[in-house]
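Written out below as structure tokens is the structure these notes cover.
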Amino acid sequence: MSIETEYMDAKLIFWVFFLSLLMACRTGEQQTGNDFQSDSPLFYEGLAKLDQRMAEKDYIVVIPGSGCGGCIGQATNYFLTHGDSVAFDWAVIFTGIVDKKQLKINVGNSFLAHPNVWIDEKNIFRTREISSIYPLLIKLEQAQIKSVEIFDVPLFEEMLAGKNT
């Protein structure tokens, strides 16, 4: 096999990997593989089972334990770095966590001890109807779910800025 052939093979593998990664992690879009139903009563049931105080929140972000790694990391990092400065009542729910010890290593005990952070140990939010490979943003108003959509940091910040004005 010549060097030129090896180079072409490596180039082909790179582009296939790159395009696969690009297609897998498009944020802000509904995609196949996202089977959640935003009007499912299971969202209400899940929030009530996890903690009755959930109905008092403005925003709840459900972060899956696996899925789009970049999207999950972006959502987690946003609340790690900005959580205390968000002016509205929010909650983060980690669901589908396989290794709680690894989650503690990744985000730290102090973050997990925050009163607005929950671990969905019963995997209530991994039910097919409400599960997603992307972090989900649940918007509530007066204890009613207004919408459920894929969490996207720039759109979330726009929403917060609009709510402040």
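Values reported hereafter were calculated over all heavy atoms of this structure, with side chains retained and with hydrogens, waters and symmetry mates removed.
Taking CD1 of Ile63 as the reference point, atom OG1 of Thr76 lies at 3.5 Å (rounded to 0.5 Å). The distance from atom CG of Leu136 to atom CD1 of Ile138, rounded to the nearest 0.5 Å, is 6.5 Å. In this structure, Lys104 NZ and Ile97 CD1 are separated by 12.0 Å, a value rounded to the nearest 0.5 Å. Put simply, CZ on Phe111 and OG1 on Thr81 are 9.0 Å apart, with the number rounded to the nearest 0.5 Å. Note that CD of Glu121 and OG1 of Thr95 are 10.5 Å apart. Values are rounded to the nearest 0.5 Å. Going from atom NZ of Lys139 over to atom NZ of Lys146 covers 11.0 Å, rounded to the nearest 0.5 Å.
With Ile93 as the fixed residue, the side chain to side chain contact (heavy atoms under 4.5 Å, CB included) test singles out one of Ile124, Val117, Ile60: Ile60.
Considering only heavy atoms from C-beta on, Val92 stays 4.5 Å or farther from Asn116 through its side chain. Between Pro64 and Ile72 there is a side-chain heavy-atom pair separated by less than 4.5 Å. Val61 places none of its side-chain heavy atoms less than 4.5 Å from the side chain of Trp90. A heavy-atom distance below 4.5 Å is found between the side chains of Phe94 and Leu112.
Under a 3.5 Å cut-off, the side chain of Asp89 and the backbone N or O of Asp58 do not form any donor-acceptor pair.
Nearest approach of Ser132 to Tyr134, heavy atoms of both residues: OG-N, 3.0 Å.
Under the 30°/60° scheme for interplanar angles, the aromatic rings of Tyr78 and His82 are found to lie parallel. Using cut-offs of 30° and 60° on the angle between ring planes, the pair Phe156 and Phe79 is tilted.
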